[in-house]
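Each chain gets a letter, A, B and so on, in the order its sequence line appears, and its residues count up from 1.
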Amino acid sequence: MVIQKELEQWFFKITDYAEELLQGLTTLTGWPERVLVMQRNWIGKSLGVEVDFPLAEPKPDLPAIRIFTTRQDTIFGATFMSVAPESPLVERLIEGRSQAAAVREFVVRVSRQDKAVRTDADREKEGIFTGAYAVNPFTKARIPIWVANFVLYEYGTGAIMAVPAHDQRDFDFAKQYGIPIKLVIQNPAGSLAEDHLDDAYEEQETAGRLVNSNRFSGLSVPEAKTKIAAFVEEQRLGRRTVNYRLRDWGLSRQRYWGTPIPMIYCRACGVVPVPERDLPVELPKDVPFTGKGSSPLAQVEGFVQAACPKCHGPARRETDTMDTFVDSSWYFLRYCSPQADRQPVDPAASDYWMAVDQYIGGIEHAVLHLLYARFFTKVIRDLGLTKADEPFLNLLTQGMVTKETYRCATHGWLLPGDLLGSEGEGWRCATCQGVAQKGRVEKMSKSKKNVVDPERLIDTFGADTARLFSLFAAPPEKDLEWSDSGVEGASRFLNRVWRLLGDLAGTLSAERGTLNQREAEPVAPQVLEIRRLTHRTIKKVTDDIERDFQFNTAIAALMEFVNGLYKFAAERHADRPGNPAPGEAAAFGEAAEALVLLLAPFAPHVAEELWEVLGRAPSVAQQPWPPYDPALVASERLTIPIQVNGKLRSKVEVPADSTEEHVLAMAKQDAKISEWLQGKPTRKVIYVEKKLVNFVV
RNA sequence: GCGAGAGUGGCGGAACUGGCAGACGCGCGAGACUUAGGAUCUCGUGGGAAACCGUGGGGGUUCAAGUCCCCCCUCUCGCACCA
C-alpha cells in the first residue's frame with residue numbers, strides 16, 4: 001500500500017533560471033529539434049495577467065482572491081471562480097459557513113486520490129461550492145467560488161477565474177453544476193449562441209470578435225489581450241505576469257546512495273549549513289537496510305548526532321541524500337580539473353576544456369539530465385568558476401536497441417533460448433511445446449525478455465562483430481533492431497577481410513615502396529583503378545564519420561571496398577598469374593593498409609591483428625588517420641545517363657574532362673538515343689556537367 | 001487535443017545541394033567446390049510477358065521530384081486539466 005505523506009524537503013531554485021534556460025535553447029544549434037521542443041514545453045513559459053477578484057464579503061486580511069490567466073480577453077465571461085483543494089484559501093472561504101463540513105470532506109477525499117489518477121486528463125471534473133462569492137471586477141457581477149479538483153495549487157496562484165464559454169474545462173464544470181455560461185467572443189460567422197453551445201469556443205487565431213464586453217466589444221482576441229492587460233494595470237486591478245510550468249527541483253531522497261545534504265538541525269539555531277571546513281559529509285559505511293520507514297541514514301545514530309556549528313550544542317544531521325541527478329549535473333565540469341582540491345572546478349582548466357563539443361546520450365535524458373546540467377553550468381558560471389553558458393555544444397541522442405518479442409500463452413514472455421522452431425514453421429515454447437506468438441519489436445528489456453546474451457555473443461562472434469553490427473544496422477540516432485542474421489553478416493564480413501589480407505600479405509612485402517616511384521614509369525590501368533578505389537573509400541569513410549557519425553554508410557563503403565579488392569585480386573590471378581603489373585602489388589599494399597586503418601575504429605581487435613599480419617609495427621591505434629589524394633578520388637571516365645523527355649534511355653561513357661559538345665555528340669551517336677530522337681524535332685537539351693543529359697523532343 | 005519526427009523492395013537501411021531510386025547488409029534463387037553443408041565462392045534478385053509502372057494517398061511546380069509547394073492518411077515519440 002502506498003500512502004502519501006507530506007515531507008519537508010530541500011529544493012534547488014531552478015525557477016530563478018527559467019528564463020535563461022529558455023532563452024539559451026536558441027543558442028543550441030547543435031541539438032536535435034525535438035530535445036529543444038521538449039525542454040521548451042517543460043519550462044512552459046506563459047504570458048498573462050494576475051487579477052484580484054474582490055470578495056463579496058471581504059475580510060480585513062483577505063480582501064480579494066488573486067488569479068492568473070492568459071485569457072484576460074475573456075474576463076467578461078468569468079461566471080465563477082475555482083480554487084485548488086490544497087489551497088489555504090479554502091479554509092478561509094468556508095469558515096463559519098454551513099458548507100464547511102461538506103467542503104472539508106471533499107478536500108480530504110480529493111487529496112487522498114492517487115496522484116496518477118488525479119492528473120489523468122480524462123479525470124472527471126468535480127467540485128463543491130464554498131458558499132462564498134466574489135465580484136467580477138469587470139462586470140461587477142456576484143460570482144460563486146468553487147473548489148475544483150482540476151485546479152492546480154502549484155501553478156499560478158492556485159485559483160482561477162472560470163470562463164465556461166471559452167475554456168473547455170470550465171465549460172464541462174459549468175454544465176455539470178448548472179453554472180451560467182456567458183459568451184464574450186463571437187466567431188467570424190456569428191453562429192455561436194450562448195444557450196446552445198456544445199463546446200467551449202477556444203479559438204484564438206481566427207477572426208473572432210469580443211462581444212458583451214463593454215468598451216472592449218468588437219476587438220479581436222490579440223487586441224483585447226493587450227488592451228485589457230493595460231487596463232488591468234491602469235486600474236490597479238492586477239499586473240502583467242509571466243508564469244513557468246517549471247517547478248523547483250526537489251532533491252531530497254530517502255535513500256542511502258546519494259550525496260548527503262550538508263545541513264544540521266539545531267534546536268537553538270535552526271537549520272545550519274555544515275561549514276566548509278567540515279565538508280564533505282561522507283556516507284557512513286555501516287548502515288542497516290530495513291526497507292521501511294524513513295531514510296536509511298536516520299538509523300545510524302553515529303551519523304545523525306552532530307554538534308551545531310554555531311552554538312556547539314547537540315544537533316541532528318539531515319538524513320536525506322541528494323537526487324543522483326545532482327552528481328551527473330556537473331561531472332563534466334569536474335572532469336576538467338579532477339585534482340582541484342580547493343574548489344569544485346578550476347576556472348582556468350574549465351576555460352580550456354569547456355564546453356563539451358560532442359555529447360551523446362539517450363533521448364530519455366532530453367529533459368531532466370540535460371536541463372539540470374544546463375542549470376548547474378549556469379550556477380557554476382555565476383559563481384565565477386567557469387565561463388561556459390552552456391555545457392554541451394552538440395548533442396547526439398542515440399537510439400535504443402530493439403528486438404522482436406515472443407510470448408507463450410501459459411509461460412508469458414520467452415527468452416530467445418526458450419524458443420523452438422523457426423520463422424517459416426512457426427515458433428513454440430520450449431517448456432510446454434505450445435504456440436509462441438511473435439510480438440512487436442520493442443526496446444530490449446528484462447521484463448519482455450527480448451534480450452541477447454552478450455557473453456554468448458562475444459564467445460561466438462567476438463566483440464568486434466557485435467560492435468560492427470551495432471554500428472552498421474542503423475544510423476546512430478535511430479533505434480537499432482537487433483537481428484541475429486545481421487550479426488552473422490557482420491562476422492562474415494570480418495572473415496572476408498581476414499582472408500583477403502591473408503592472401504595478399506605474402507605478395508605485398510616484396511614490392512613495398514614502388515608506389516613512390518609511380519611518376520617515373522607508366523602506370524598500368526588496373527593499378528590506377530585499385531588506387532582510385534582506395535582513395536575514394538578513404539574519402540567516403542572520412543566524410544561519413546565527420547558528417548553526423550554516419551557509421552552505417554562508412555561501413556557499407558568498407559564492404560564495397562573489400563568486394564572491389566576481391567574482384568581485382570581475382571582478375572589478377574586470372575589474367576596474369578604470377579606476373580603482376582608494375583606497381584600492382586604496391587597498390588594492393590596501399591589498399592590493404594588503408595583498409596585496416598579505416599576498419600580500426602569499427603573493429604579494433606581484428607584491425608590490430610591485421611596490422612601485424614601486414615608486418616607493420618604495433619599498434620594500429622597509434623597510426624594517423626589515412627589521408628586521401630584528391631587527384632585519385634576523381635574518376636577518369638564518367639558514365640553519363642542520357643534521358644529523353646526525362647526518362648532514362650541510355651548511358652554513355654566519356655572522359656571526365658569532356659566538353660559539353662563532346663558529351664552531346666556521344667549521346668546523339670548512341671544507337672538507342674538516335675532511335676528515340678528520330679523524326680522528332682529536339683526542342684531543348686538539358687546538360688548538367690558530369691551528371692546527365694536530357695533531350696526534350 | 002497540442003508539439004516533434006517518420007512513412008522507400010520480403011526485411012534493416014542508402015540516395016549530401018532537385019539530376020541513373022533501391023548503395024551496403026539480411027533473406028531468397030541458381031550454380032561451383034564438396035562425403036556433406038546451416039562453411040566458402042560466383043552470379044542473380046522492386047513489380048510486370050512487354051509497353052511500362054514504381055519512394056503512404058491525391059493534386060501541383062519543373063526538362064527532371066523520394067527530395068520543393070498544397071491537401072489528406074497512417075505510425076512512432078514527447079507533453080497533456082499548466083488557466
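- Between the side chains of Gln168(A) and Asp172(A), at least one donor N or O sits under 3.5 Å from an acceptor N or O.
- Environment of CZ in Arg456(A): sparse, with no more than 12 heavy atoms of neighbouring residues, nucleotides or ligands closer than 6.0 Å.
- Checking Tyr153(A) against Pro641(A), the closest nucleotide of RNA chain B that is more toward the 5' end is the one next to Pro641(A).
- Among the nucleotides G25(B), C63(B), A83(B), the one closest to the side chain of Tyr155(A) is A83(B).
- The gap from the C1' atom of A23(B) to that of G13(B) amounts to 10 Å, rounded to the nearest Å.
- Looking at Asp248(A) and Lys13(A), no side-chain N of the basic residue comes within less than 4.0 Å of a carboxylate O on the acidic one, giving no salt bridge.
- Of the possible polar contacts, one joining the Asn149(A) side chain to the Glu126(A) backbone as a donor-acceptor pair under 3.5 Å is found.
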Would you please test Glu364(A) and Lys443(A) for salt bridge (charged side-chain N to carboxylate O under 4.0 Å, His left out) and show each step?
-> CA-CA 13 Å; Glu364(A) 68 272 20; Lys443(A) 175 183 180 176; 5.7 Å; no
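- For A39(B) and A32(B), the C1' atoms lie 14 Å apart once the distance is rounded to whole Å.
- Below the 3.5 angstrom threshold, one finds a donor paired with an acceptor across the side chain of Lys125(A) and the base of C81(B).
- In terms of heavy atoms, Gln72(A) sits closest to Lys225(A) at NE2-O, 3.1 Å.
- The side chain of Asn563(A) lies closest to G25(B), out of A83(B), G25(B), G19(B).
- U55(B) and G18(B) have their C1' atoms separated by 15 Å, given to the nearest Å.
- Thr69(A) comes within 4.0 angstrom of the backbone, heavy atoms only, and of no base.
- Atom-to-atom, CG of Leu558(A) to P of A23(B) comes out at 18 Å; the value is rounded to the nearest Å.
- At the phosphate of G78(B), neither OP1 nor OP2 sits under 4.0 Å from any side-chain N or O atom of Arg40(A).
- Arg66(A) pairs in a side-chain hydrogen bond (donor to acceptor under 3.5 Å, both in side chains) with only one of the listed residues (Asp52(A), Thr241(A), Thr157(A)), which is Asp52(A).
- Backbone-only engagement by Ser46(A) is indicated by non-hydrogen atom pairs under 4.0 Å involving sugar-phosphate atoms exclusively.
- The phosphate of A39(B) has neither OP1 nor OP2 within less than 4.0 Å of any side-chain N or O from Arg496(A).
- Side chain of Ser485(A), nearest nucleotide from G27(B), C81(B), C24(B): G27(B).
- Electrostatic pairing of Glu560(A) and Lys540(A) does not count as a salt bridge here, judged by no charged N lying under 4.0 Å from a carboxylate O.
- In this structure, Ile363(A) atom CD1 and C79(B) atom C1' are separated by 13 Å, rounded to whole Å.
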In the 5'-to-3' direction, what one-character label does each nucleotide of nucleotides 4-14 of chain B receive under the scheme B = base within less than 4.0 Å of a protein heavy atom, S = sugar-phosphate only, - = no such atom?
-> S-------BSS
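- At a threshold of 4.0 angstrom between heavy atoms, the contacts of Gln643(A) include nucleobase atoms, whether or not backbone atoms are also involved.
- Mapping Met38(A) and Tyr244(A) onto RNA chain B via the closest heavy atom, the residue that lands nearer the 5' end is Met38(A).
- Across Leu468(A), Val497(A), Leu598(A), Asn563(A), a single residue satisfies side-chain contact (heavy atoms from CB on, under 4.5 Å) together with Leu558(A), and that is Leu598(A).
- Between Met400(A) atom CE and C77(B) atom P there is a gap of 8 Å when expressed in whole angstrom units.
- Protein atom CZ of Phe68(A) is 8 Å distant from nucleotide atom C1' of A83(B), rounded to whole Å.
- Across the protein-nucleic acid pair, Leu471(A) atom CG and G25(B) atom P stand 17 Å apart, rounded to whole Å.
- C75(B) and G57(B) have their C1' atoms separated by 15 Å, given to the nearest Å.
- With G19(B), C82(B), A23(B) as the candidates, the nucleotide lying closest to the side chain of Glu560(A) is A23(B).
- By the rule that a glycosidic angle within 90° of 0 means syn, G37(B) does not qualify and counts as anti.
- Nearest nucleotide to the Thr70(A) side chain, out of C43(B), G19(B), A83(B): A83(B).
- Comparing the C1' positions of G56(B) and U76(B) gives an interatomic distance of 15 Å, to the nearest angstrom.
- Distances shown here put every side-chain N or O of Arg492(A) at or beyond 4.0 Å from the OP1 or OP2 atom of C41(B).
- Checking side-chain atoms of Ser470(A) against main-chain N and O of Ala466(A) turns up a donor-acceptor pair under 3.5 Å.
- Taking atom CD1 on Ile686(A) and atom C1' on A64(B), their separation rounds to 8 Å, with Å as the unit.
- Ion pair Glu154(A)/Arg247(A) flagged as a salt bridge, since at least one NZ, NE, NH1 or NH2 atom sits closer than 4.0 Å to an Asp/Glu carboxylate oxygen.
- Within 4.0 Å (heavy atoms only), Gly489(A) reaches sugar-phosphate atoms of the nucleic acid but no base atom.
- A gap of 16 Å separates the P atoms of U8(B) and G58(B), to the nearest Å.
- Cation-pi contact between Arg467(A) and Phe602(A): absent, since separation from the ring centre below 6.0 Å together with deviation from the ring axis within 45° is not met.
- The base of C20(B) is paired with the side chain of Lys651(A) by a donor and an acceptor separated by under 3.5 Å.
- With respect to the salt-bridge test (charged N to carboxylate O, under 4.0 angstrom), the residues Glu442(A) and Lys403(A) do not qualify.
- Side-chain atoms of Asn694(A) come within donor-acceptor range of the base of C63(B), with a qualifying N/O pair under 3.5 Å.
- Distance check on atom P: G29(B) versus C77(B) gives 35 Å, rounded to whole Å.
- A donor-acceptor contact under 3.5 Å links the side chain of Arg247(A) to the base of C82(B).
- The interatomic distance linking Ile67(A) (CD1) with C82(B) (C1') rounds to 14 Å, in whole Å.
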Pairing pattern in dot-bracket form [Watson-Crick, G-U; both distances under 3.5 Å; | = partner strand] for RNA chain B | (((((((..(((......[....)))((((((.......))))))((....))..(((((..]....))))))))))))....
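- Judged by a 6.0 Å distance limit and a 45° cone about the ring axis, Lys45(A) is not positioned over the six-membered ring of Tyr244(A).
- Using atom C1' as the reference point in both A65(B) and U17(B), the two lie 14 Å apart (nearest Å).
- The two residues Ile642(A) and Ala667(A) have their closest heavy-atom pair at CD1-CB, 3.7 Å.
- Between the CG atom of Asn149(A) and the P atom of C81(B) there is a distance of 12 Å, rounded to whole Å.
- Using a 4.0 Å heavy-atom criterion, one finds that Arg683(A) contacts no nucleic acid atom at all.
- Closest contact between the side chain of Val151(A) and the listed nucleotides G78(B), C24(B), A83(B) involves A83(B).
- Of all the residues in residues 157-165 of chain A, Ile160(A) reach under 4.0 Å from RNA chain B with at least one non-hydrogen atom.
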